[in-house]
Number of protein chains: 2
Amino acid sequence: MARTGRPRIFDKELAISKAMVLYWEQGFESTSLAQLKEAMGISSASFYAAFGSKENLFKEVIDRYNTSYGKVTDCLVDTSIKSKVAIEQALRQTAKMQTDPSHPTGCMLVLSANVCSEKNNHVRDLIFKERSLVRLNLEECIIRGQENGEITREVKADVLCTLIEAFMYGISTQARDGISYKSIDQAITQIMKTCDI
Amino acid sequence: MARTGRPRIFDKELAISKAMVLYWEQGFESTSLAQLKEAMGISSASFYAAFGSKENLFKEVIDRYNTSYGKVTDCLVDTSIKSKVAIEQALRQTAKMQTDPSHPTGCMLVLSANVCSEKNNHVRDLIFKERSLVRLNLEECIIRGQENGEITREVKADVLCTLIEAFMYGISTQARDGISYKSIDQAITQIMKTCDI
DNA sequence: TTACTTATATACTAATCGTTCCATAAATGA
DNA sequence: TCATTTATGGAACGATTAGTATATAAGTAA
């Protein structure tokens, strides 16, 4: 049955998108309620009625990121494509997305809450958990590749995972520094060779 | 001649060290004056008399970092050692330093002001300039190596630089995530092979 | 119509932010 | 001794922080 009460006047999904851009650009702590409210075009009352708190909105933003821009690494869990192809695709899509000037550069999961004050350590941990998932997916993808003989067994999966993961995370800072997609893409070509050594 | 006036009661160098730990751990914006003052053991008046502002203290902290922990990449400009050795040393020393639990993990130049609110973009730019210097040193080191025949000429110096730099920056996030020095160190062994391909 | 539910606008809160002011303390120079 | 200089402790500054209170608007259900 239809819900009762006065209908919401603003578009909640659009508001989350606007909030995501701010959190992505400035980070969780450095983004103020005043900025969020202005970008979303709503008042304090509407904000808290719809989202509960600044932190809770951030959680909704993380979900939104994971199901939109963050999907660039989803190929890592796709067992229908070859592992090495999946890794290369994840890296190239990551580089492409993170250098796209139509939104904040870099990865929101790497940049938005890597450092914060003590009182928000639990928010930092939220992001940490998201990264752990990506790492897990990457490592399992590498293990599949080693079992199939696509990826060298000379190096332990854990080490290869650390290698690829560090490179992937580093792209965020490079994207912020203005390093071009082309340069990163060429670096990916080179780093993929380490899977064979 | 000796300076006049009441002598400073606290150790300025020690105070900068205490401030560095806070900025390193939490970032520039997330570190409050109250925290800084307490860690340094001084009052507002002493703080502003000695350092001028929160931002100016941050500049002094950057200098301190560059001449202490940040020296792990200084070998890149040492033309008396082979380029490839210098790069490997820079990476291993970086990994060792950034995972050392006796101080905040990761690199202060990567973590402390990568994202911030608009009003502090000039502070972010300070850190950006510091990173640019490291990148420049790395690229010139690679070029030397290619000229000497130590490093493959199959790949452009710019691309190899982007590859190594991304990996190096990514260590900061990994160190924050608790990835072990051992794992990163083994990854370095692997990534160094890309200099030969 | 009346009751109920939810969203809105506006005003407001206590706490914290970086910074400044002021009186006083402690040194040197004349 | 007395002026000058610099540092100190502590109170206070206006601005901003995240979040609430209150009254009203706008919908559905009976």
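Here is the naming used below: chain letters follow the sequence lines, and residue numbers restart at 1 for every chain.
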At a heavy-atom distance below 4.0 Å, what parts of residues 112-124 of chain A sit against DNA chain D?
none
With sequence neighbours left out, the residues meeting side chain to side chain contact (heavy atoms under 4.5 Å, CB included) with B:Arg6 are none
Rounding to an integer number of Å, can you tell me how far A:Lys37 NZ sits from C:dA11 P?
13 Å
Write down the distance between CG (B:Asn56) and P (C:dT19), rounded to a whole number of angstrom.
10 Å
Take atom CD of B:Glu38 and atom P of C:dC17, then tell me their distance rounded to the nearest Å.
12 Å
Salt bridge (Lys or Arg N to Asp or Glu O under 4.0 Å) contacts touching residues 23-50 of chain B (sequence neighbours left out)
none
Reading DNA chain D from 5' onward, which residue's closest nucleotide shows up sooner: B:Ser44 or A:Thr31?
B:Ser44
Take A:Ser46 and B:Phe47, find for each the nucleotide of DNA chain C with the closest heavy atom, and name the residue whose nucleotide sits nearer the 5' end.
A:Ser46
Could you work out, with ring-ring contact (aromatic ring centres under 6.0 Å, His included) as the rule, every residue matching B:Phe167, not counting sequence neighbours?
none
Could you state the atom-to-atom distance from CG of B:Leu33 to C1' of D:dC13 in whole Å?
14 Å
Taking for each residue the nucleotide of DNA chain C with the nearest heavy atom, is it B:Gly52 or A:Ala49 whose nucleotide lies nearer the 5' end?
A:Ala49
A:Gln93: partners by side chain to side chain contact (heavy atoms under 4.5 Å, CB included), with sequence neighbours left out:
A:Val72, A:Cys75, A:Gln89
Could you tell me whether A:Glu88 and A:Arg92 have a side-chain N and a carboxylate O separated by less than 4.0 Å?
yes
State whether A:Glu150 and A:Arg144 are salt-bridged, where the test is any N-O pair (Lys NZ or Arg NE/NH1/NH2 against Asp/Glu carboxylate O) under 4.0 Å.
no
In whole angstroms, how far is the C1' atom of C:dT16 from the CG atom of B:Leu36?
14 Å
Qualifying residues under ring-ring contact (aromatic ring centres under 6.0 Å, His included), relative to B:Phe51, sequence neighbours excluded:
B:Phe47
Which angle, to the nearest 10 degrees, lies between the helix axes at the two ends of the helix from C:dT1-D:dA30 to C:dA30-D:dT1, each defined by five pairs?
0°
Could you check how far CD of A:Glu29 sits from P of C:dG18, rounded to whole Å?
12 Å
Nearest whole angstrom, please: distance from the P of D:dG19 to the CZ of A:Phe58.
14 Å
According to ring-ring contact (aromatic ring centres under 6.0 Å, His included), who are the partners of B:Tyr181, at least two apart in sequence or on a separate chain?
none
With sequence neighbours excluded, what pairs up with A:Tyr48 under the ring-ring contact (aromatic ring centres under 6.0 Å, His included) test?
none
Go through D:dT20, D:dG9, C:dT8 for me and flag the one nearest to the A:Ala45 side chain.
C:dT8
Pairs touching residues 96-125 of chain A that satisfy salt bridge (Lys or Arg N to Asp or Glu O under 4.0 Å), sequence neighbours left out
none
So do B:Tyr65 and B:Cys107 actually touch side chain to side chain, heavy atoms under 4.5 Å?
yes
Can you find a side chain N or O atom of B:Tyr48 that sits less than 4.0 Å from OP1 or OP2 on C:dT20?
no
Would you indicate what B:Ser30 reaches in the nucleic acid, counting non-hydrogen atoms under 4.0 angstrom: base, sugar-phosphate, or nothing?
nothing
Strictly by salt bridge (Lys or Arg N to Asp or Glu O under 4.0 Å), give each pair with a member in residues 159-181 of chain B just once, sequence neighbours left out.
A:Arg131-B:Asp177, B:Arg135-B:Glu165
Once hydrogens and angles are ignored, does a donor-acceptor distance under 3.5 Å link the base of D:dT4 to the side chain of B:Thr4?
no
Integer-rounded Å distance: D:dT16 C1' and B:Lys54 NZ:
13 Å
In numerical order, the residues of residues 5-13 of chain A whose heavy atoms come under 4.0 Å of DNA chain D are A:Gly5, A:Arg6, A:Pro7
Is A:Ser43 close enough to C:dA9 that one of its side-chain N or O atoms is under 4.0 Å from OP1 or OP2 there?
yes
